[in-house]
Amino acid sequence: MTSDAPVVFVVDDDSSVRDSLRRLITSVGFLVEVFPSAQAFMRARRPDAPGCLVLDVRLPGLSGLDLQRELADTDAALPIIFLTGHGDIPMSVRAMKAGAVEFLTKPFREQDLLDAIRHAIERDRALRTERQELTELRGRYASLTRRERDVLARIVAGLLNKQIAGELGTTEATVKEQRAHVMQKMTAGSVAELVRFASRLGITPAGGGSNPPKVG
Amino acid sequence: MSQQREAYGETLGRLRRRLRTLHQCTNALLQAESEQALLRSICEILVAGGEVRLAWVGYCEDDAEKTVRPVAQAGDGVEYLERLKTSWGEIELGQGPVGVAVRTGHACWVDDIRTNPRFSPWRAAALARGYASCLAVPLIAYEASGGAVDLRGTLNLYAAECSAFDEHAIEHYTGLAASVAYAVTALRGHLAEDLTSGVTALRARAERKRAEEALQQAREELAHVTRVTTLGELAASIAHEINQPLAAIGADANACLHWLAADRPDLDSVRGALTAIVKDGLRAGEVITRIRALLTRSSVARGRCDLTGVIRDVLPLVGPEIRRHGISLEMSLAPNLPQVTGDRIQLQQVLLNLLMNAVEAMREVPPVRRRMVVRATTDHRDDGPWAIVAVEDAGVGFSQAEAPRLFEAFYTTKPGGLGMGLSISRSIIDNHRGRLWATTNSDHGATFQFALPGMP
């Protein structure tokens, strides 16, 4: 059972800033969790809810940018809003290139931070939905047999049943039956939807798909 | 019996007068500033003593007549001296007491001017002035080094009574004349020399003092410039240090607005945020106060100083810079550190410099190694407790070859460094009667430390 209430994570080594951010973000109704260092944040168990990370660039030990990189390598990436004590352009460029939502200079305008937090949470919500769908798709794909996967790769390549049967050395009737299983297991309503699923799963089309399918 | 007592009383009175006169003369000798003034004072004192009516000093001249020329006088007899012609030569005018005293080097006196043939050239004039007897004592001095005559003249006294100068009086005046002669030569030569060298010494001392003051001023200005430079290097970190509390204040103030806007305002939360705002306001203010103290061009102000306090003053300024470089900072401050006498700002500057150097030294070393220790300890020495502050880094350190140059002015390893930091730091610590030195650590980096004598 997952809660949908978003959580804002704050990582800042300055206790004044950390606590004031906690108060500000709480005052507009978000749940907040604060951490004094990147390591503390990495160690913590995060709730399964949409959220974002408000991160000070300068941190002792693991820096804000280091944390951004490490998070990107996990499957639990979070949208990040960077805070910095003084505008450091090369640093902000690096952060934005690496996918930061916003880069704010202290002292920041409250509205800028809250807007960035809302934007980031929306983005995370979408990301989470996408991630969930992908997990779901992977599960469906995992349920296919090897032969069914071969058939799927050829369906998305645009081959007809007869062509698939020829390539796989079987009968057209068998392919037709396998195709029905694929569509059912992948819960694809159409070939177009199956093609979309395949591309999200990163499946490369296989077989003589280079030839345009023959009609009749 | 009563006659005898009267005679005794008279002698006693005379002795007392002479003693007083002698005392006054001694003072005049000691206070003499010029030869002329001395001679005049002596004559005046002798006349005021009441034994003589006229006192004058004559100096021998080397003219053809070998004139003895009056150079100072006091008493009743100005016209007498104006017309007086006397000589130290072997002529008639040289046969009087003055001439004889000069030539023989001994006192010469006339008990009765009316009858003594010696005095015939001056008798009429002297009797007209009411002088009955007179005495001339030599005023002669020789140079200390050789035998050359430095001063040749006489002290001459005229009394209204006959035989006014007895054996004691002659002895008394002869001794006085010897003292005067000594004082005159001293004033002319040795004393003048002493005086000249004294003036030279005073002038040299004044110049040295001026130079020292100029040096001190230059030193203070240089210290100020390097303080400003150091703060310039720290500008980014200091901005960060001020922006932190400002950001917190902004966030808290907005949180308060949100809470107050609610249907049922959360006053407890508002109170908590306001308390934090007050604290952060003070924090930002303190940083600015510390910077202003370092920027102000103030002259040195020595006072009781607590080095732990100096460390606490400096850390907020350099702390962000330390964090920015990912350096972990350890503090080890001994309790009851002895208080020292010093200029707080200058000592802050020294520490700031050592901390900045430590940060700089670790710029290129692997992040895991970036560790700094600030240690304050007490060292009990023979002359009392000393306070020692050490800054230990794990940076690049320095080589044996670099060691002697570390504290030289304009020696720097930093790209934008002035090369003044350590040289000024050392001169500041020297001026505090302390010591600043550097050692290399056994594993990595260097330790710079200074020791200052504790206040008694």
Side-chain angles (χ1 to χ4, degrees), chain A residues 8 10-30 32 34 36-39 54-67 81-92 103-118, chain B residues 234-262 265-284 286-287 316 319-330 367-372:
Chain A
V8 180
V10 173
V11 182
D12 198 313
D13 64 318
D14 188 302
S15 64
S16 293
V17 175
R18 197 165 65 229
D19 293 341
S20 69
L21 287 174
R22 182 174 48 72
R23 283 188 287 267
L24 173 65
I25 300 166
T26 309
S27 77
V28 293
F30 291 111
V32 182
V34 299
S37 70
Q39 288 91 333
V54 177
L55 183 58
D56 188 15
V57 175
R58 277 189 201 176
L59 288 172
L62 204 60
S63 80
L65 293 175
D66 294 337
L67 178 57
I81 298 152
F82 276 106
L83 295 182
T84 177
H86 71 290
D88 183 334
I89 292 167
M91 201 184 264
S92 57
F103 199 97
L104 297 174
T105 304
K106 291 180 199 168
F108 45 83
R109 280 184 55 225
E110 174 233 15
Q111 202 51 52
D112 290 346
L113 178 67
L114 295 179
D115 286 350
I117 287 174
R118 290 195 182 98
Chain B
L234 277 173
S237 290
I238 290 169
H240 178 84
E241 191 57 19
I242 294 172
N243 283 334
Q244 294 286 86
L246 287 184
I249 288 170
D252 274 323
N254 281 301
C256 286
L257 291 175
H258 294 145
W259 280 317
L260 290 173
D266 180 354
L267 292 181
D268 280 345
S269 294
V270 168
R271 197 170 293 119
L274 286 176
T275 309
I277 287 175
V278 171
K279 196 188 80 194
D280 286 322
L282 288 175
R283 176 179 158 195
E286 266 171 34
V287 174
E321 187 75 5
I322 293 172
R323 283 199 295 280
R324 186 162 79 94
H325 287 87
I327 297 165
S328 78
L329 173 67
E330 272 176 48
V368 287
R369 217 177 85 187
R370 296 184 193 167
R371 182 171 161 271
M372 189 194 280

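Owing to the predicted nature of the structure, the values given are computational and were not obtained by experimental measurement. Hydrogens, waters and symmetry mates are skipped; everything else that's a heavy atom, side chains included, is used.
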* CG on A:Asp14 to CG on B:Asp280, rounded to 0.5 Å -> 7.5 Å
* Asked: Is the closest side-chain heavy-atom distance between A:Ser16 and B:Lys279 below 4.5 Å?
  -> yes
* Under a 4.0 Å N-O cut-off, is there an ion pair linking B:Arg323 with A:Asp56? -> no
* Can you name the closest pair of heavy atoms from B:Ala247 and A:Ser20 and give their distance? -> O-OG, 4.5 Å
* Partners passing side chain to side chain donor-acceptor pair (under 3.5 Å) against A:Ser27 (at least two apart in sequence or in another chain) -> B:His258
* Structure fact -> When the 4.5 angstrom heavy-atom criterion is applied to B:Arg370 and chain A, the contacting part is neither
* Asked: For the atom pair CG (B:Asp266) and CZ (A:Arg23), what is the distance rounded to the nearest 0.5 Å?
  -> 12.0 Å
* Partners of B:Pro265 by side chain to side chain contact (heavy atoms under 4.5 Å, CB included), sequence neighbours excluded? -> B:Leu260, B:Leu267
* Asked: So which part of A:Leu114 gets closer than 4.5 Å to some heavy atom of chain B, the side chain, the backbone, both or neither?
  -> side chain
* Asked: Between atom CG of B:Asn254 and atom CD1 of A:Ile25, what is the distance when rounded to the nearest 0.5 Å?
  -> 11.5 Å
* Considering all heavy atoms of both residues, which atom of B:Asn243 and which atom of A:Pro107 are nearest to each other, and what is their separation? -> OD1-CD, 3.3 Å
